[in-house]
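Quick caveat: nothing in here was measured; it's all calculated off a predicted structure.
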Number of protein chains: 2
Amino acid sequence: MARSGAKRGVGSAVSSGSEETRRALVAGAIEALCEEGFSGASAREIARRAGCNQGLVFYHFGSVANLLLAALDEVSRIRLTRYQSAVAAVGSLGNLVEIAESIFKEDLDAGYISVLAEMIAGTSSTPGLGVEVAARIAPWRDFAAAAVRDTLADSPLAQLLAPEEVAHAVVALYLGLEMLAHLDGDRSPALALFDRAGQIAGLLSALGGVSTTREKP
Amino acid sequence: MARSGAKRGVGSAVSSGSEETRRALVAGAIEALCEEGFSGASAREIARRAGCNQGLVFYHFGSVANLLLAALDEVSRIRLTRYQSAVAAVGSLGNLVEIAESIFKEDLDAGYISVLAEMIAGTSSTPGLGVEVAARIAPWRDFAAAAVRDTLADSPLAQLLAPEEVAHAVVALYLGLEMLAHLDGDRSPALALFDRAGQIAGLLSALGGVSTTREKP
DNA sequence: GTCTATACTTGGATAGAC
DNA sequence: GTCTATCCAAGTATAGAC
């Protein structure tokens, strides 16, 4: 995937025409995946959205699949950064639910999880795509596992639940809720679940015996 | 979607060449959706698997999308029948988890949920497909809601959880777990969750105060 | 580095022979 | 009812001009 053109310094703020085109194509790919799905995200459709020529997809990324993977990379980067800053602000269990809900709304409205879901669904049709997508999903699961581990720390629930298992379930639920919301064009059933989770979190803290605040390291 | 040929009696056991072809095409469509995904389920690919000519897709179903919907109908029919017989055999909460696990394995191994996931993902690329798929998913959610309602009856949890909400979460989790299992080619994380749920069910019944057996009507 | 033009392939869909 | 042949649109990918 090495570029053929002359290299500039790493981290250079100046964007050449090449970098601009690459960015536009990645943005177009994200858009196309969200709005047209995996099978609608063709080189022509993406280039149309990026406002450039179809041939540039192959010049810059070699194939449509590679561009789609670059789009997934970009979405991963954006979201993991956001998640990181969000969990840093978490104080209590009820607080965690509130923050998780606002994050979920962002993901849903911006279509970030759509990109994930479409890419996973698309792996069936392109040989070799599966392992690449799996490698890019792994950080999401790792992040969720770390967050669950922190939240369960010092809680009696920690004896009952393994963080990796809960993280797997959380990612799966996140994916599934997005697909149903996208299908129905209605996110309210998903949001109702967050409200319910908030109620239960409140109940747990009222009952006592369960740690509902997290240590600040 | 009316057929042009002469009609035989409803429920006729004799299969004409026409019915045989239709069945083969539906079976081929299910196979193609599982193995090649939505974008790989073309008329030619499906016809190849059905062992018949590509033109027959359009003769019998009018379009590829209609055939794919017929495939989804068939999967729905098969699974809902199976679910119905399964919940009838449920005695206790721990028993429910065991049965749910075996059902999940069946769904996963036969690729039934793949069909669901691929069709949902595919709705983005075909205008008008969304409402059709949504209408075919509704029975799954209704079934899950009824099962949850029965299971929660006479339990204190019934005050805390709305059946429709839990059902939505269950369907979403089911979908998400399938997608991750399919992606990784590894269903063990999903099965571990069932084991954990079984443990918790056992714990609940040991604690008492929660009804773990269901009335047999 | 970018764009136009083009070769090639696959897919949706129809017409007409059998 | 099925098959062959065919049309047309869309997609991937490359070559070569600018």
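Residue A:Ser39 is the one, among A:Gly55 and A:Ser39, whose nearest nucleotide of DNA chain D lies closer to the 5' end (criterion: closest heavy atom).
No donor-acceptor pair closer than 3.5 Å links the side chain of B:Thr126 to the backbone N or O of B:Thr123.
Rounded to a whole Å, the CZ atom of B:Arg23 is 16 Å from the C1' atom of D:dG1. If you take CG of A:Leu25 and P of D:dT12, they are 13 Å apart, rounded to a whole angstrom. The distance between atom CZ of B:Phe61 and atom P of C:dG12, rounded to the nearest whole Å, is 15 Å. What separates CG of A:Asn53 from C1' of C:dA5 is a distance of 10 Å, to the nearest Å. Rounded to an integer number of Å, the gap from CZ of B:Arg44 to P of D:dT6 is 13 Å. Between the CD1 atom of B:Ile46 and the C1' atom of C:dT10 there is a distance of 14 Å, given to the nearest Å.
Listed here is the closest heavy atom pair of A:Phe61 and A:Ala70: CE2-CB, 3.8 Å. Heavy-atom minimum distance, A:Tyr174 versus A:Phe104: OH-CA, 3.2 Å.
Residue-level contact check: A:Val57 touches neither bases nor backbone, having no heavy atom under 4.0 Å from any strand. Contacts of B:Glu45 with the nucleic acid, taken as non-hydrogen atoms under 4.0 Å apart, are absent.
Side-chain contact annotation: B:Asp107 with B:Tyr83, donor-acceptor N/O pair under 3.5 Å present.
The closest side-chain heavy-atom distance from B:Arg79 to B:Ile103 is below 4.5 Å.
When the nucleotides C:dA5, D:dT2, C:dC3 are ranked by their closest atom to the side chain of B:Leu56, D:dT2 comes out on top. If you check C:dC3, D:dT12, D:dT6 against the side chain of A:Cys52, the one that comes closest is C:dC3. For A:Gln54, taking side-chain heavy atoms from C-beta onward, the closest of the listed nucleotides C:dC3, C:dT6, D:dC3 is C:dT6. Side-chain proximity of A:Phe58 to D:dG11, D:dT14, C:dT4: nearest is D:dT14.
At least one side-chain nitrogen or oxygen of B:Tyr59 sits closer than 4.0 Å to the OP1 or OP2 atom of D:dG1. One finds a side-chain N or O of A:Thr21 lying less than 4.0 angstrom from the OP1 or OP2 phosphate oxygen of C:dT2. OP1 or OP2 of D:dA10 has not a single side-chain nitrogen or oxygen of A:Ser42 nearer than 4.0 Å. Contact between the side-chain N/O atoms of B:His60 and the OP1/OP2 oxygens of D:dT2 is found at a separation under 4.0 Å.
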